[in-house]
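Encoded as structure tokens, the structure appears first; notes follow it.
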Amino acid sequence: MKAKVYVTPKKSIADPQGNAIGRALNKIGYDKVEDVRIGKLIEIELGQITKEEAEVQLKEMCEKLLANTVIEQYSFEIE
Amino acid sequence: MKAKVYVTPKKSIADPQGNAIGRALNKIGYDKVEDVRIGKLIEIELGQITKEEAEVQLKEMCEKLLANTVIEQYSFEIE
Amino acid sequence: MKFGIVVFPGSNCDIDCYHALKDTLGQDVEYIWHDTEEVKEYDCVILPGGFSYGDYLRCGAVAPFSRVMDAVKVHADKGKLLVGICNGFQILTEMGLLPGALVRNKNLKFICDTVALKVENKETPFTNRCTHGQIINIPIAHGEGNYVVDDEELEKMKKNGQILFTYQENPNGSVLDIAGICNENKNVLGMMPHPERACEDLLGNDDGKFILQSIISFLEGGWKSE
Amino acid sequence: MNNYDAVGLTRDEYDRIIDYIGREPNELELNMYGVMWSEHCSYKHSRPLFKHFPTSGEKVLQGPGENAGIVDIGDNLAIAMKIESHNHPSAIEPYQGAATGVGGIIRDIFAMGARPIALLNSLRFGEIEKYDRVKYLLEGVVEGIAGYGNCIGIPTVGGEVYFNSSYNGNPLVNAMCVGIIEHDKIHRGNASGVGNSIMYVGAATGRDGIGGASFASVELTEESEEKRSAVQVGDPFMEKLLLEACLELLDTGSIVGIQDLGAAGLTSACCETATRGEGGMEIDVLKIPRREKGMHPVEVMISESQERMLLIVEKGREREVEEIVEKWGLHAVVIGKVTDNDKLVVKEGEKVVADIPAESLDSSGAPKYYSDYQVPEYYKEAKKFKYNDIKEPTGYNEVLLNLLKSPNIASKEWIYRQYDHMVRTNTVVKPGSDAAVLRIRGTKKGIALTTDCNSRYCYLDPREGSKIAVVEAARNIVCSGAKPLAVTDGLNFGNPEKPDRYWQFRESILGISEACRELDTPVISGNVSFYNETDTHAIHPTPIIGMVGVLDDVEKACTMYFKSEGDIILQLGE
Ligand SMILES: Nc1ncnc2c1ncn2[C@@H]1O[C@H](COP(=O)(O)OP(=O)(O)O)[C@@H](O)[C@H]1O
């Protein structure tokens, strides 16, 4: 089973990385770009496991390791 | 208009960060985790622009700046 | 003979390159501000280390779009010398002036240390003062110095003698222990180690002079291929 | 809960506010007092003891009270330095907590007009062999320090790290920055000259770090987890731009005063510059660049967003300032002006939303507490201990192996290898020796830098332990070939409202004072961090001593390593 985890900076948290890339995109001519936020896409290959189990485990993994919930939020999809 | 750009390391390229996270997940008990790859999720807020234009521009942005196609592949979605 | 050092807003080693060339080696050196199109004629242009535009997303990803870069490309296309050190190397690969890419160090950590390099090819403008196989000690300071390139390109580089420096003990996971390379035409150098940090006895090491002196000899026309 | 409770003030303090302003404060005003009168900003428990420190001397150009202290090294040059703690933020988010700690202390140095040339750090963690959490904190903190310092291009040349169970729930992260400045270029955070413009430059203001100041003054409990949004995110690249822009601006003579926006954000920067300038100030919150929509004046006024500076600009030269700032890719905006009425007036457009005597907010107006102190039981017990009671170990090999295995003794190379300690090519003695040595370009001189504190000694006897910290620092400086010049101190203690903790604090200050007086190394700046405790226990008293020394001839710098076989080893002293 394959899962995709998305970890992004919380809305209230500054995202210097996103800001810098947003400015760069404006500078090279993409003036329609209004805001950029940069997060992580984590692709996980899971072995033999039920979808229900996977959901439980992924949530745990996010809370424990993949996301820093102090400054980041997460979501995931199971394929 | 909102777009999501996904940039991931090409299959042929080593992903030390993904490997490290994979090992860490195994170590804390998630033994079903077989492989982890870490990429980027770039959320872009675009102003007044048609979907067709957005597609053209996003492809360009990826090729020029958001991804390094020597080592990365990209895809995007427009909401 | 004139050296130009490009200064991006986040350059940190611009000053170090300047001092090494000017104060230690007595060369004529100028800074070139990134936000300019008018660039004078230089014999050698240096892209120094640092974090050009913060190095968010990927190191050196934004710098290729600086106004100065068109002129830098023209300079290199004319066959003049262009040197990228550390962040400068990353920028050169991002621009496609050098093959491959630099990704995160294998141990995922920034590494600052002095490492032993082996000179793999002395027949270049950047290494002519070295001997073949010579070991020189040069500082490194980078988080993304892990050189990757596809096999085909790598074969080509080997055949053309484009691999100039290799690590004696690979610190970052680079393919074939690569620390520094040049282009096919041998006028563009990219290296992760910092020769400008090793030019003075007071700092405990002057092996960097082998590289900078090679460039000077070449420009003075003193270098003859054997 | 009363509204004053919510901002961490007492009933008495609330009454004091009413006395100052002659009426009940509104919500904005109350919050401004809340953050400014927090322990972190007002030093209400510690200031009364500072009088013991020797703070002056022939070489002291700026003592405590400004953004950083400054000491003369001859040749019209001087060294600016300061240490700062970021313990609580680092406990919650180690990478960003440590990174923003480094960012903050760098701003303090260039706010004086000095160019930052070196960073050091002093770290304390719990038992690393026992807890994964400690490992996570240590790795995050080290990466945060490296991430910020390396990117901005200031070498991190030294520091220390110790592990001990007293830090299990409460790590310490103290960052020190050192800068160089010519005597005639020293700037202060003054808002003077009626009609001069107040300008804002740097990152936009967001909701980050709201409550960060009062947050830093509350013991860590489960509840503080919920205030997590108080964590700020650092942007070292932005700071680099800010640093270069500010130093260039200061060279033009258009800047009357400059102040960084640190703890308590705009509130603190405005009232401090106004108080030092002996005038007043009026600003309009609508002019402040914002990151988020719909922010209230109170959020704008106490936000602790990073990488922002306040400039007091000579009237008529605003355009000149804008141009230089824009060259560095930043924007500067006029947010208000200097007035002559001693008041800090905050407007939202035309509407006055706060109107407070500037001085009353500042530490001079804040309450002072002479806390009770009491000799702790453990100290009396410890005093009974007799060295002769220790049994002679039977296997010395085993003892040696145990010592070498201790994380406190093991090599710290894996830490300082992550810090760029060579950038700017001035580092003559790198980390790994007793003190770092930097050359001073354009002279034959060098400076030596170190941080030291053995908190185990300070726990067993805070006064003696603190003296030992000072003399250890001085020994490290001397062993590098330099003459000790001055001290910056990072005082990390438990809850000062508990008499035994306050006793430790008081003893420690007396010890530092005595040693500094004896060695003629005045204390020119410092920082206090209280409430470093969990529900069960306080950290060991940890007064970190940062010291600078000068070498007249940097070529004479000395390292501690054995050089060659056959060299003679001598022992000096008893
Ligand atoms: N957190 C740190 N940051 C930078 N350098 C450090 C750090 N911890 C230790 N060092 C460096 O490692 C060396 C050895 O440190 P330490 O073991 O504390 O030595 P000592 O006990 O002799 O003071 C010193 O040069 C010190 O500057």
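None of these values were measured; they are calculated from a predicted model. Sequence lines set the chain letters: A, B, ... in the order given, protein chains first and strands last, and positions in each chain run from 1.
Residues Ala141(C) and Phe110(C) come closest through the heavy atom pair C-CZ, 3.4 Å. What you find for Pro9(B) and Gly39(B) is that their closest heavy atoms are CD-CA, 4.1 Å. Contact record, Pro48(C) with Ile5(C): CG-CG2, 3.9 Å, taken as the closest heavy-atom pair. The shortest heavy-atom contact between Leu219(C) and Cys44(C) is CD1-CB, 4.1 Å.
At a 4.5 Å heavy-atom cutoff, the contact between Val62(C) and chain B is made by backbone and side-chain atoms alike. Only the side chain of Ile42(B) comes within contact range of chain C, with heavy atoms under 4.5 Å apart. The contact between Leu57(C) and chain B is made by backbone and side chain atoms together, counting heavy-atom distances below 4.5 Å. Residue Ile13(B) touches chain C through its side chain alone, counting heavy-atom pairs closer than 4.5 Å.
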Worksheet entry | Audit row: Phe3(C), Ile215(C), side-chain contact (heavy atoms from CB on, under 4.5 Å) steps and yes/no | CA-CA 10 Å; Phe3(C) 287 84; Ile215(C) 297 175; 3.8 Å; yes
Discussion item. Please evaluate residues Val39(C) and Val72(C) with respect to the criterion side-chain contact (heavy atoms from CB on, under 4.5 Å), reporting the C-alpha separation (whole Å), side-chain torsions for both, the decisive distance (0.1 Å), and the verdict.
Written reply: CA-CA 8 Å; Val39(C) 174; Val72(C) 168; 5.8 Å; no
Practice prompt. Show your reasoning for whether side-chain contact (heavy atoms from CB on, under 4.5 Å) applies to Ile78(B) and Leu46(B).
Written response: CA-CA 10 Å; Ile78(B) 302 174; Leu46(B) 287 162; over 6 Å; no
Practice prompt. Give the C-alpha distance, both sets of side-chain angles, the deciding distance and a yes or no for side-chain contact (heavy atoms from CB on, under 4.5 Å) between Lys59(B) and Phe76(B).
Written response: CA-CA 8 Å; Lys59(B) 187 160 163 30; Phe76(B) 54 82; 4.2 Å; yes
Table up the donor-acceptor pairs between chain B and chain C that sit under 3.5 Å, atom names plus distance.
residue  : atom : partner  : partner atom : Å
Lys40(B) : NZ   : Leu57(C) : O            : 3.1
Leu65(B) : O    : Arg58(C) : NH1          : 3.1
Leu65(B) : O    : Arg58(C) : NH2          : 2.9
Leu66(B) : O    : Arg58(C) : NH1          : 3.1
Asn68(B) : ND2  : Glu94(C) : OE2          : 3.3

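When Val7(B), Ile71(B), Leu65(B) are compared by the number of non-hydrogen pairs under 4.5 Å with chain C, Leu65(B) comes out ahead.
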